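In this text, all values refer to a predicted model and were calculated from it rather than measured experimentally. Residue numbers start from 1 in every chain, and the chains themselves are labelled A, B, ... in the order their sequence lines are given, proteins ahead of strands.
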Amino acid sequence: MVSREYKLSSLSWGEVFLIFIKNRRLMTVLDIKYLRNNFEEVTKRLEHRGEDLSDLERFGEIDQKRRQLIVETENLKAKRNDVSKQIPILKKEGKDVQPVITEMREVGDRINELDQELRVIEAQLKQIMLSIPNIPHESVPVGEDEEDNVEVRRWGEIPEFSFEIKPHWDLGTELGILDFERASKVAGSRFVFYKGLGARLERALWNFMMDYHAEHHGYEEMLPPYLVNRNSMTGTGQLPKFSEDAFHIEAWDYYLIPTAEVPVTNYHSQEILKEEDLPQKYVAYSGCFRSEAGSAGRDTRGLIRQHQFNKVELVQFVKPEDSYDALEQLTGHAEKILQLLKLPYRVMSMCTGDLGFTAAKKYDIEVWVPNQNTYREISSCSNFEDFQARRAGIRFRRGAKGKPEFVHTLNGSGLAIGRTIVAILENYQQEDGSVIIPEVLRPYMGGVEVIR
RNA sequence: GGAGGUAUACCCAAGUCUGGCUGAAGGGGUCGGUCUUGAAAACCGAAAGGGGUGUCAAAGCCCGCGGGGGUUCGAAUCCCUCUACCUCCUCCA
């Protein structure tokens, strides 16, 4: 790398990100130059992420080649346009245009060759850019893995039991509200049937959550498609890097959504929103489908890790200057549900090594699971800054005449339903194996107070 | 599944048959003004897509008429293909 002077101003990853948007045109952001001129600085800020950055090494070379090709073809195109305009005039004057046409034919051939080359280069560049993770926010703790995540706060009293507690899968099976055995017969492992009051409880939870976020937190309710196309999966960052995590319908090239984040964030893809539309907040209920490739042997029993689960998801589109306040609020919205359910939890700030590919900052909310004597993730709240907005082309305009800018996107579970069931069954269990229904859910349960 | 049709800028909409001063008309809306006590209407005027390249900055240039490809010296216009929407038939929760 050539040595350069680095501007050490703070940057979001988005400022250096470029991507194809519709037309497969290479959309460079105003700050493509930032990546060129501050390449090593950017790489440095990415190094704690634990992601493979080998592709990035080829950026300089490819970027330069690309611009060289563009200059060359554009000069030729300018010439062609110019001459083509002259041809009808010359014809009118009765001049022989054949030599000019022949010459332009050659120019055209050359343009085609160069365009071909350019196409290849741009595809490579796109591949590189899509494989680069988001840049962590400066407030994110530096660390390698989950050991280095930082606890931000705790809420609630951990319950004490005077009897021997049971895991939720035993409780659920004995109460006849969960059936794992038949699910594995009908589908396979990591699936479940909810029955009777179990099904009712699941349904009560998502209704309660949807109602609460819509009525008290200002979200607009949404029910999204469960299948999405490749573009959408790329927009939110699941593709191209993590295709093995998703279920894919090959005949259609559709993907089963791993979270409502995908359809809901892409709801505004390729749009320019009005300033007054922001913040835009959606709460969506959906099924979620995950292959759990690489999780073999982990959480094999129970509801914690299923191929299919239900989730209520919060998604926000906000102005860049508002996104970190929005992250705190959104996390609070998810916490509120646990507080109303009276389930103890803690909030963890993910360290640089545990951030995932797409987030600039992320809080996990972990609920107390008695049988495991630990906290388990029940919600994940992230600020993506403009990472997804660039990939999905989501912008807004300040006033009537402003230049389009990228929005910031955020989302968080509010909450994962299956894991909420786990927490309720285990935390509210009684000595006789019955389970008390949290008060806020009883109106949704037809007044049922106990499952026995 | 069968038969047609449509896609142009924030919105509506010409242009497509007959390729070239369309380097996208005309409206609406928006903004400014005149008039008015204020507003509406009317009239006058203005700005107006999104990218790329280039540069200290700019100018300039390139791209852009649903997406992609092709024909041609030259494509909104001709050809191929994909997608979305509409109408009718068929089927279906």
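Between A40(B) and G28(B), the two P atoms lie 16 Å apart (nearest whole Å). Taking atom P in both U18(B) and A3(B), one finds a spacing of 26 Å when rounded to whole Å.
Counting any heavy atom pair closer than 4.0 Å across all strands shown, Asn81(A) reaches sugar-phosphate atoms only and no base atom. Note on Val83(A): nothing from the nucleic acid sits closer than 4.0 angstrom, heavy atoms only. Across all strands, Lys91(A) comes closer than 4.0 Å to base atoms (heavy-atom distances).
Under the Watson-Crick or G-U wobble criterion, with both distances below 3.5 Å, C92(B) is left unpaired in every strand shown. Searching all strands for a Watson-Crick or G-U wobble partner of A76(B) with both distances below 3.5 Å returns nothing. For A46(B), the paired base is U30(B) (Watson-Crick or G-U wobble, both distances below 3.5 Å). In this entry C85(B) has G5(B) as its Watson-Crick or G-U wobble partner, both defining distances falling under 3.5 Å.
A residue-by-residue look at Thr102(A) and Gln116(A) shows that Gln116(A) has its nearest nucleotide of RNA chain B further toward the 5' end.
A sub-4.0 Å separation between OP1 or OP2 of G51(B) and a side-chain N or O of Arg395(A) is present. Contact check, Arg105(A) against C73(B): a side-chain N or O comes under 4.0 Å of OP1 or OP2. The phosphate of U53(B) (OP1 or OP2) has a side-chain N or O of Arg66(A) nearer than 4.0 angstrom. Between Arg119(A) and G69(B) there is a side-chain polar atom (N or O) within less than 4.0 angstrom of OP1 or OP2.
Between His408(A) and Tyr324(A), the ring center distance fails the sub-6.0 Å criterion.
Here the P atom of nucleotide C63(B) and the CZ atom of Arg67(A) are 20 Å apart, to the nearest Å. For Leu118(A) and G68(B), the CG to P distance is 14 Å, given to the nearest whole Å.
Closest approach of Ala326(A) and Gln316(A) over heavy atoms only: CB-OE1, 3.5 Å.
With contacts defined as side-chain heavy-atom distances shorter than 4.5 Å, the pair Leu205(A)/Leu441(A) qualifies.
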